[in-house]
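Here's the structure, in structure tokens; my notes come after.
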Number of protein chains: 2
Amino acid sequence: MPRPTKQEPERGDARTRLLEAARDVIRSKGFTATTVSDLCEAAGVTSGAFFHNFKSKEAMGVAAAEYWAETTSEFFRAAPYHAHKDPLDRVLGYIDFRGAIIDGELAEFTCLVGTMAQEVYSTHPDIRDACAASILGHAVTLESDIAAAVASRGIRADWTPASLARHTQAVLQGAFILAKATGDREVARESVDHLRRYVELLFQTAPSKRKAGR
Amino acid sequence: MPRPTKQEPERGDARTRLLEAARDVIRSKGFTATTVSDLCEAAGVTSGAFFHNFKSKEAMGVAAAEYWAETTSEFFRAAPYHAHKDPLDRVLGYIDFRGAIIDGELAEFTCLVGTMAQEVYSTHPDIRDACAASILGHAVTLESDIAAAVASRGIRADWTPASLARHTQAVLQGAFILAKATGDREVARESVDHLRRYVELLFQTAPSKRKAGR
DNA sequence: TCGAACATACCAAGTGCTCGGTATGTTCGT
DNA sequence: ACGAACATACCGAGCACTTGGTATGTTCGA
């Protein structure tokens with residue numbers, strides 16, 4: 001459904017340029033403060049092109065969340081941490097990877113769908129649902145590695161792999177908020193470090209093997 | 001609900017009513033989507049009263065963040081978890097308390113300053129700074145109990161009490177985002193449970209030994 | 001004690017401008 | 001020649017904010 005047009009036409013497609021502009025501008029200014037002409041200007045198109053591709057600003061927000069879900073899932077699928085043999089190493093590798101990509105400007109590493117969901121959860125239910133699908137869909141991709149780690153370590157957990165997967169997303173979203181409030185990336189990295197330590201402690205059955213991270 | 005703080009005889013009632021309206025409406029619609037007339041209607045005053053008390057909508061946002069910082073700090077100071085003798089029990093009691101007040105409507109338990117900071121961090125630096133002061137000021141109140149718990153348990157931590165205090169706030173902010181995205185309070189409580197387990201694990205490490213590498 | 005002068009707190013009715021959205025024109029591949 | 005993909009021009013609603021006014025103190029000299 002997010003591919004109304006046939007194959008992949010020429011690049012520089014107005015719709016794609018608008019979605020990329022939305023990804024960048026909304027992460028900086030938020031959805032409501034971002035005007036349609038902001039996006040048209042950033043994409044180099046006119047408002048005619050905008051309303052030709054999206055029936056409303058709200059519909060564009062839904063499409064932007066879906067575009068975000070597609071591009072980020074591809075991004076994480078190609079990430080190197082999947083190569084680890086040990087499932088726990090893959091989980092920790094994911095967390096390390098999330099910490100490593102906290103770099104550059106705030107609007108470059110923060111999460112579009114987390115930002116939008118927070119802002120429009122009560123005013124634009126369609127956008128909220130698309131954001132929830134993106135966040136939870138990403139969390140689900142972590143569950144199998146977590147479950148495999150539980151099995152391989154033989155630990156008895158009073159938590160579910162799904163809830164830990166969602167918790168990782170909560171920590172990241174919260175870390176982004178603190179980074180935005182303070183203007184400091186380091187506080188976000190600190191929280192990711194605490195998250196890594198939490199996962200280490202969860203899977204540390206006997207105090208025997210100690211792994212030096214990062 | 002938080003106490004209305006002290007009485008300021010010189011200040012009119014309209015200002016406080018507007019700040020309380022801001023607290024409620026902005027947590028639901030966000031700062032940008034909240035119009036001045038939204039707030040005037042909710043407070044039962046006219047726009048003349050609004051701009052008599054605040055020189056601009058942005059200035060009202062700063063005042064709302066400061067009002068939030070005042071009322072919540074009073075709210076938490078009066079909370080029961082401070083009664084515990086053991087500092088670790090106070091820390092865990094704080095986390096349990098945060099989990100317990102996740103109840104009712106989303107806009108009733110989520111954080112005003114976290115919402116605003118996320119939305120306006122780049123467009124309204126004054127609001128962002130007021131939000132950061134509120135969040136970090138609250139985090140600081142946890143540091144002494146955390147530090148006392150580290151001392152009383154005699155653990156050797158490779159993290160600072162300040163960073164753990166900030167991490168608790170990150171987890172809460174992230175939990176609120178997931179709750180807003182999914183419309184389900186339970187996912188927020190799950191993350192608070194994970195946070196509690198993390199703190200438990202941090203302080204239940206083996207009595208002595210455990211020489212930290214690195 | 002009184003009242004003129006001033007200050008505060010709020011109201012009601014705008015003002016100019018920006019916003020999301022529309023109506024219509026133009027290009028172009030097929 | 002016909003529709004898809006845009007561009008151009010424009011609109012009405014709603015926005016933050018202003019203006020002018022009123023009611024209620026408060027001050028202070030005579």
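Numbered from 1 within each chain, the chains take letters A, B, ... in sequence-line order.
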Measure the CG-CD distance between A:Leu136 and A:Gln169 for me, rounded to the nearest 0.5 Å.
9.0 Å
Do you know the tightest heavy-atom contact between A:Arg128 and A:Tyr121?
NH1-O, 3.3 Å
Counting only non-hydrogen atoms, which of residues 38-46 of chain A are less than 4.0 Å from DNA chain D?
A:Val45, A:Thr46
Roughly how far, to the nearest 0.5 Å, is the CD atom of A:Gln118 from the OG1 atom of B:Thr110?
7.5 Å
Base, sugar-phosphate, or nothing: which does A:Thr34 touch, judged by heavy atoms less than 4.0 Å apart?
sugar-phosphate
How would you list, by chain and number, every residue that makes a side-chain hydrogen bond (donor to acceptor under 3.5 Å, both in side chains) with B:Asp103, sequence neighbours excluded?
none
What is the distance, to the nearest angstrom, from the CG atom on B:Asn53 to the C1' atom on D:dC17?
15 Å
Run the salt-bridge test on A:Arg189 and A:Glu186 with the 4.0 Å N-O cut-off and return the result as yes or no.
yes
With B for base contact, S for sugar-phosphate-only contact and - for none (protein heavy atoms under 4.0 Å), nucleotides 21-30 of chain C reads BB--------
To the nearest Å, give me how far apart CZ (B:Phe31) and P (D:dC15) are.
14 Å
Would you call A:Arg77 and A:Glu74 a salt bridge, taking side-chain N to carboxylate O under 4.0 Å as the test?
yes
Looking only at the aromatic ring of each residue, does the gap between the centers of A:His138 and A:Tyr94 stay below 6.0 angstrom?
yes
Closest to the A:Asp13 side chain: C:dC11, D:dC6, C:dC19?
D:dC6
Counting side-chain heavy atoms from CB outward, which of C:dC10, D:dA7, D:dC15 is closest to B:Ser37?
D:dC15
Below 4.0 angstrom from OP1 or OP2 of D:dC6, is there any side-chain N or O of A:His52?
no
Rounded to the Å, how far apart are B:Lys29 NZ and D:dG14 C1'?
12 Å
Among B:Ile26, B:Thr32, B:Val25, find the residue that satisfies the side chain to side chain contact (heavy atoms under 4.5 Å, CB included) test when tested with B:Lys29.
B:Val25
